[in-house]
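The figures that follow rest on heavy atoms only: side chains count, while hydrogens, waters and symmetry mates do not.
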Amino acid sequence: MIINPFFTTSEIPAAYFCDREKETEDIIRILSNGNNLILKGERRLGKSGLIHHIFEDKRIKEKFNTFYFDIYATSSLEEFTTLLGRTVYATLASKGKKFADRFTAVLKSLSFQLDQDPISGFPIPSIGVQQIQNQELTLNEIFDFLEKSDTPNIVAIDEFQQIQHYSEPHVEALLRTRIQRMNNTKFIFSGSERHMLDIMFGSQDNPFYKSARNLDILAIPEGTYCDFAREMFRKGGKEISLEAVQFVYRLFDGVTYYLQETLNEAFSITPENTLLSRPDIEQVVQNLTLSNASRCKDIMAGLTLIQRKALLAIAKEWRAEDITSAPFIKKHRLSSASSVQSAVKALITKKLVTKSANIYSIPDKYLALWLRIQ
């Protein structure tokens with residue numbers, strides 16, 4: 001059985017991992033020299049995959065305990081603490097029972113039991129938000145455990161800017177105060193909202209000011225990814241034209257997730273000893289877009305009329321500029337500059353639109369493509 005070489009998960013075997021050689025070396029050097037790191041890049045560009053790739057590098061794997069958790073869906077310090085506790089326990093449990101037992105013994109602020117995962121049969125902690133009576137105490141206990149570990153640690157917190165939306169006040173100051181005293185644990189603060197991270201780590205008024213090294217993740221260069229994709233097809237006994245890969249790369253602006261998902265599907269439908277051409281890949285993109293139609297309709301149903309019209313206008317432009325200008329409003333038959341500004345602000349809050357400099361775009365590429373054919 002031929003393995004599909006285009007993985008769509010964040011954990012990609014090294015043999016199927018595309019490039020990021022310089023970024024890998026830079027990150028390992030920064031962490032190995034005792035620094036915390038800010039990793040910035042738009043969503044689905046491959047930041048989490050890069051983190052997992054680095055965690056599997058023997059220079060990190062043999063010297064550090066590594067922990068990764070994504071706080072994108074969290075809304076409070078309690079949820080942050082719960083997720084951190086579960087992550088640390090699960091990672092240690094995978095190393096052996098004695099490691100997990102040490103952790104549960106340290107968390108005196110929680111009285112929790114171990115449940116059995118119904119799928120794997122593996123013991124998991126039944127930590128719930130309702131069990132955390134004092135999140136600061138529990139957080140300190142977790143950090144104290146890491147700090148006293150015989151092996152140094154690296155903790156990666158994905159979508160770190162989310163803490164700015166937490167219900168509790170002063171979360172940044174609380175975390176910064178605790179983290180700055182940690183010598184045995186280094187942190188990767190990963191995030192997709194560059195402007196928020198720039199303020200958090202670049203403004204003198206914020207607790208995390210100048211507390212970590214900075215690294216921006218950009219799209220893998222077009223030529224590098226095209227060579228990788230064609231080589232993966234060849235190894236699988238198949239072919240894909242350069243024009244086909246270039247079409248996908250340019251359509252999705254080099255965003256890794258969409259490249260991988262499209263080529264995963266393309267690889268799966270291409271018989272051995274067959275060439276996949278540009279018309280073939282265009283059909284794959286169309287099929288993937290239509291498969292997202294129900295989800296896209298649900299998104300649109302949850303918006304006001306002006307929000308739907310503003311989102312459609314941005315999709316039609318792909319990269320929209322001067323959205324409150326008279327030409328833009330007239331071209332897309334919008335009502336007024338103030339209503340567009342209000343609608344787009346709401347769309348940004350809903351994470352349906354992103355703004356970089358003065359350019360507005362839709363990060364969900366399937367939604368953008370679906371809107372363009374409406």
Side-chain angles (χ1 to χ4, degrees), residues 9-12 24 27-28 30-32 34-39 46-74 77-107 109-110 112 114 117 120 122-127 129 132 135 138-163 171 174-176 178-191 208 211-213 215:
T9 60
S10 59
E11 298 188 36
I12 303 173
T24 297
I27 293 171
I28 291 175
I30 290 169
L31 294 172
S32 298
N35 300 291
N36 294 327
L37 172 71
I38 314 158
L39 193 63
K47 297 186 302 300
S48 60
L50 177 57
I51 292 170
H52 287 296
H53 177 67
I54 287 164
F55 282 179
E56 288 300 310
D57 189 290
K58 65 179 182 179
R59 291 169 291 178
I60 296 296
K61 193 171 185 177
E62 294 177 359
K63 295 180 180 179
F64 296 90
N65 293 320
T66 55
F67 307 91
Y68 167 91
F69 67 116
D70 186 341
I71 64 170
Y72 184 72
T74 63
L77 184 60
E78 287 100 333
E79 292 178 358
F80 177 99
T81 305
T82 299
L83 188 55
L84 175 60
R86 287 175 175 166
T87 300
V88 173
Y89 176 84
T91 303
L92 294 174
S94 69
K95 297 176 179 292
K97 185 175 182 298
K98 68 175 182 178
F99 295 99
D101 288 346
R102 287 179 191 171
F103 179 62
T104 57
V106 167
L107 261 68
S109 66
L110 292 180
F112 61 88
L114 297 183
D117 188 305
S120 66
F122 200 76
I124 55 174
S126 59
I127 305 175
V129 172
I132 299 180
Q135 64 266 26
T138 302
L139 190 63
N140 280 332
E141 288 176 348
I142 295 172
F143 283 156
D144 284 342
F145 172 83
L146 293 174
E147 197 63 2
K148 294 173 182 176
S149 170
D150 294 335
T151 304
N153 311 284
I154 298 173
V155 176
I157 310 174
D158 210 351
E159 298 302 337
F160 184 67
Q161 75 281 338
Q162 184 66 20
I163 67 170
V171 172
L174 172 70
L175 290 176
R176 171 61 178 142
R178 191 62 185 85
I179 288 172
Q180 71 179 350
R181 298 200 302 264
M182 300 182 73
N183 296 312
N184 199 39
T185 303
K186 297 306 167 187
F187 290 81
I188 299 174
F189 306 106
S190 177
F208 278 96
S211 61
R213 299 283 299 277
L215 186 65

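Across all their heavy atoms, S190 and I51 have their closest contact at CB-CD1, 4.0 Å. Considering all non-hydrogen atoms of both residues, T66 and T91 come closest at O-CG2, 3.4 Å. When every heavy atom of R176 is checked against every heavy atom of S211, the shortest pair comes out as CZ-CB, 3.5 Å. The heavy-atom pair separating A212 from I38 by the smallest distance is CB-CG1, 3.6 Å. Q162 and I71 make their closest contact through CG-O, 3.3 Å (heavy atoms, listed as atom of the first residue, atom of the second, distance).
Put simply, the side chain of L50 reaches to within 4.5 Å of the side chain of I27, judged on heavy atoms. Between L139 and F80, the closest side-chain pair of non-hydrogen atoms falls below 4.5 Å. With contacts defined as side-chain heavy-atom distances shorter than 4.5 Å, the pair S48/D70 does not qualify. At least one side-chain heavy atom of N140 sits less than 4.5 Å from a side-chain heavy atom of R178. Within the 4.5 Å cutoff, no side-chain heavy atoms of R59 are placed close to those of S32. Two residues are said to be in side-chain contact when any heavy atoms from C-beta on lie closer than 4.5 Å; N153 and F143 fail this criterion. F160 is not listed as a side-chain neighbour of I188, based on a closest heavy-atom distance of 4.5 Å or more.
In this structure, F55 has its ring center at least 6.0 angstrom away from the ring center of F64. Annotation: F187 is not in aromatic contact with F208 [ring centroid separation under 6.0 Å not met].
Put simply, the side chain of E11 never gets that close to the backbone of H52: no donor and acceptor are under 3.5 Å apart.
Remark: E147 pairs with M182, N183, N184, T185 by the side chain to side chain contact (heavy atoms under 4.5 Å, CB included) rule, at least two apart or across chains. Shown here are the side chain to side chain contact (heavy atoms under 4.5 Å, CB included) partners of I30, two or more places apart in sequence or in another chain: N35, L37, R213.
Using modelled atom types, one finds a donor on one side chain and an acceptor on the other under 3.5 Å when comparing Y68 with D158.
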